[in-house]
Structures are given as structure tokens and as C-alpha cells.
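Following: one structure in C-alpha cells, then a few remarks.
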Amino acid sequence: MLRAAVGIGLYAGAFGASFGAVAVGTGLSVAQTMVLSLVLFSGASQFAFVGVATAGGSPWAAVPAALLLGVRNAFYGVALARTLESRGLRRLVTAHFVIDETTAMALGQDSARAKRYAYWATGLILFALWQAGSLAGAVVGTAVDPADFGLDAAAPAVFLALLWPSLRMVEARWVALSGAAVAVVLIPHVPAGVPVVAAAAVAAVAGLGRGRGSDSVRSTAAAPIDPATTTCSQEAR
Amino acid sequence: MTALWAALVVAAVGSYVLKLAGLSLPESVLNHPRVQRVASLLPVAMLSALVLVQLVDGGGRYRLDWTTLAGVLAAVVALLLGRGLLLVFGVAIAMTALLRLVS
């Protein structure tokens, strides 16, 4: 698990470097770049902010673009809330690391304890390397293009790998397929960020519409002895 | 403070508030069985949507780079063979980088 977290951190570091290089290359100062990485800390939102803010119009146009991409983190928070059990002041710290990668790593673990460990390990390692990468990219600039190393294939491959164990269940497969289909159909029609959030509606329909659950929790023959993943363990309670 | 700085701070703080909002639903709501069921399905629906969006979204238009697709398909093969995250990651970027090098 820790190796996987380090691996994700390293790839985030490479993306952080490309973010830093792009941000400074399009006119942000190093300080502005680092405030985005440290405080906004959500890759897709950061790229969107820089892209819109430096496109020539008012920088305020970048705010909704960045926040639309951040809405999905609110939904991730709902999914993680019970597992992370963070209250009071601690929640203020926990919230900062609610992003795609930490949610996906937590999703892939079986017990609540392992989910918490995955969340924090991934969150802290990724945060550190994201900052290091951003700073390096901002200072050094575009010395290398991440696309040359095939890194743009890394993100979908990594998220697919993290999602994979959950897809053992028939219901989860349908939810995954439907969610992906809804998002893909919406891409040309709505602003960036909305397609992924719209997929949440599929989870809502599947979760609210079907009260039973026990018959939809059947594992496939490929993994007969695997412990329950998220959906199973939630429904088994 | 320039407009760029102001917009930047608003976006950063707003993004944090969104993260905090999701974690801050009252426990009575979170403990509701229906909410739990939806919550458990949310990451599956949204992350699978994210995978496809990352693959085919070219800024509000469909754009599929065949070398990226080949990398992700190689990752699927590695996953079907039961390989772990790091190998899947390595296979994906190696396949895509190699195809870009030769094409």
C-alpha cells in the first residue's frame, strides 16, 4: 500500500512540475503558483484556473472554472466522511486532502483502518511531492514535456487500477459504466468539471432506487475469497 | 492586491470550503442507510467517469489520442492479469512513451 502511495506521489510530482512550468510560463509568479499548489491543492482545478486566468480576460472568470472542478471533492467528502471520522479542528486538516487520488486509494482498501491509512499516506506523500514538483517546475520551467514520457496515460491507468477491486461486484460495474457513460455524453455540452459531478447522479439513483442490495453484492468467480470492498462492506453492515 | 491575486485566493479558499463541506454533513444524515449506500457508490461512479473524461476530453470536445488509449489498454491487460498498481502504471506510460517515440 505504501509503495503504491509513493508511486502515486511520484507521478503527482511529475504532474506538479508540469503545473509549475505551465503556470509560470503563462504569466503567474512563483508565489502565485505555490499558493495554488499549497492552498487550492487540486490538480485539475489548478490547471483550469491558470488556463482561464491567463487567457486574456478577467482573472475572475477562472474562479468558477476552478470551483466547478472542485465540486467533485465535496462528493468525495461525503463518501469518506464516515471512514475518516474526523471531528472538530482535526476535520479542518483532514479536509485539505480530499482529492481524486486519496479517495481512490481509500476506495481500494478493505477495512476502515486500512482506508484511513491509505488516505493519510497518499494525502501526505502526494502533498509533499506535489509542492516539490510545482516549485521545481515553476523555477526550472518546461525543460521536459511530461507527454514525452507517456505520463498523460498514467492518470486514467492509475485511477482505473484503484477502481478495479470495486468492480468485482455486479452493481458497482453497472454504476461505473453508467457514470462513465453519463460523463462522456455530457463532455461537449457542459463546462469542465460538470461531467464527473453528473456521474454522482448515477450513484444516487442506484443507491436510493434499490433498497435490497444483497442480491447485487455477488462477487464474481474470479475473486471468491476476497474480503468485501466498499460497497459490500457498507451493505453487509 | 491585484485582481489576479484576489481571484486566486478566492478560488483556493473556495476549493477548500468545498472539500470541507462534504466531510461536514451531520452524522444523522451520514448514518442514514440510504445515504450510506449512495456514499459508497459515489467514488465508483465518479472515478470511472474521471477515467473516461481524462481519456477522451480534449477541452469540451471529444479527442482520443491513440497512443494514450494504447497505454490505458495495456494497463487493462495488466489489471486482468492481476498485477498491482505500480506495474500497471509502468506498463501504461511505457507503452504510450514507446509508441510516441516510434510514431
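Residue numbers begin at 1 in each chain, while the letters A, B, ... track the order of the sequences. Since the structure is predicted, the reported quantities are computational estimates derived from the model, not experimental observations. FYI, side chains are in, hydrogens and waters are out, and symmetry mates aren't considered; it's all heavy atoms of this structure.
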Quick one: which of [options] has the most heavy-atom pairs under 4.5 Å with chain B, could you say?
{"options": "A:Ala53, A:Ser178, A:Gly7, A:Ala204", "value": "A:Ala204"}
{"options": "A:Asn73, A:Val39, A:Leu67", "value": "A:Leu67"}
{"options": "A:Val184, A:Val202, A:Ile99, A:Val98", "value": "A:Val184"}
{"options": "A:Val50, A:Leu162, A:Leu84, A:Leu160", "value": "A:Leu160"}
{"options": "A:Ala155, A:Ala203, A:Gly179", "value": "A:Ala203"}
{"options": "A:Asp100, A:Val190, A:Leu177, A:Ile8", "value": "A:Asp100"}

- Query: Considering residues, nucleotides and ligands other than A:Arg91, do more than 12 of their heavy atoms fall under 6.0 Å from its CZ?
  - Reply: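 More than 12 heavy atoms, drawn from other residues, nucleotides or ligands, come within 6.0 Å of this atom.
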
- Item | Test: A:Arg87 and B:Glu27 ion pair at under 4.0 Å |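 Salt bridge: yes.
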
Working to the nearest 0.5 Å, report the span between [atom1] of [X] and [atom2] of [Y].
{"X": "B:Leu4", "Y": "A:Gln32", "atom1": "CG", "atom2": "CD", "value": "4.5 Å"}
{"X": "B:Leu80", "Y": "A:Trp164", "atom1": "CG", "atom2": "CH2", "value": "4.5 Å"}
{"X": "A:Met169", "Y": "B:Ser40", "atom1": "CE", "atom2": "OG", "value": "8.5 Å"}
{"X": "A:Ile187", "Y": "B:Asp57", "atom1": "CD1", "atom2": "CG", "value": "4.5 Å"}
{"X": "B:Leu50", "Y": "A:Thr103", "atom1": "CG", "atom2": "OG1", "value": "10.0 Å"}
{"X": "B:Leu8", "Y": "A:Leu36", "atom1": "CG", "atom2": "CG", "value": "4.0 Å"}

Check each atom of [X] against the heavy atoms of chain A and say whether the ones under 4.5 Å are side chain, backbone, both or neither.
{"X": "B:Thr67", "answer": "neither"}
{"X": "B:Asp65", "answer": "neither"}
{"X": "B:Ala75", "answer": "side chain"}

Atom group of [X] that falls short of 4.5 Å from chain B, counting heavy atoms:
{"X": "A:Ala44", "value": "neither"}
{"X": "A:Ala192", "value": "neither"}
{"X": "A:Thr94", "value": "both"}
{"X": "A:Leu163", "value": "side chain"}
{"X": "A:Leu38", "value": "neither"}

- Message: Checking A:Phe159 now: which residues fulfil ring pair (Phe, Tyr, Trp, His ring centres under 6.0 Å) with it, not counting sequence neighbours?
- Response: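 Residues passing ring pair (Phe, Tyr, Trp, His ring centres under 6.0 Å) with A:Phe159: none at all.
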
Do you know which two heavy atoms are closest between [X] and [Y], and how far apart they sit?
{"X": "A:Val175", "Y": "B:Ala45", "value": "CG1-CB, 3.6 Å"}
{"X": "B:Val72", "Y": "A:Pro156", "value": "CG2-CG, 3.8 Å"}
{"X": "B:Leu30", "Y": "A:Ala81", "value": "CD1-CB, 3.4 Å"}
{"X": "A:Ala79", "Y": "B:Ala39", "value": "CB-O, 3.2 Å"}
{"X": "A:Ala161", "Y": "B:Leu85", "value": "CB-CD1, 3.5 Å"}
{"X": "A:Ala200", "Y": "B:Leu42", "value": "CB-CD2, 3.5 Å"}

Residue, of [options], that accumulates the most heavy atom pairs under 4.5 Å with chain A:
{"options": "B:Gly90, B:Gly71, B:Gly60, B:Ala92", "answer": "B:Gly60"}
{"options": "B:Leu25, B:Leu101, B:Leu79, B:Thr68", "answer": "B:Leu79"}
{"options": "B:Val88, B:Asn31, B:Leu52, B:Leu47", "answer": "B:Leu47"}

- Query: Between the side chain of B:Ser15 and the main-chain N/O of A:Leu40, is any donor-acceptor distance below 3.5 Å?
  - Reply: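 Pair found, side chain donor or acceptor close to backbone of A:Leu40.
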
- Kindly say whether A:His96 contributes a backbone atom to a donor-acceptor pair with the side chain of B:Lys19 at under 3.5 angstrom?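 Yes.
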
- Message: Assess the residue pair A:Val35 and B:Trp5 against the criterion (side-chain contact (heavy atoms from CB on, under 4.5 Å)); give the C-alpha distance rounded to whole Å, side-chain angles, the decisive distance to 0.1 Å, and a yes or no.
- Response: CA-CA 10 Å; A:Val35 166; B:Trp5 262 115; 3.8 Å; yes

- Task: Can you tell me which residue pairs pass the ring-ring contact (aromatic ring centres under 6.0 Å, His included) test with a partner in residues 52-90 of chain A, sequence neighbours excluded?
- Result: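 Of all non-adjacent pairs touching residues 52-90 of chain A, none passes ring-ring contact (aromatic ring centres under 6.0 Å, His included).
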
- Measure the shortest side-chain to side-chain distance between B:Leu86 and A:Arg3 over non-hydrogen atoms and say whether it is less than 4.5 angstrom.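 The answer is yes; the side chains approach within 4.5 Å.
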
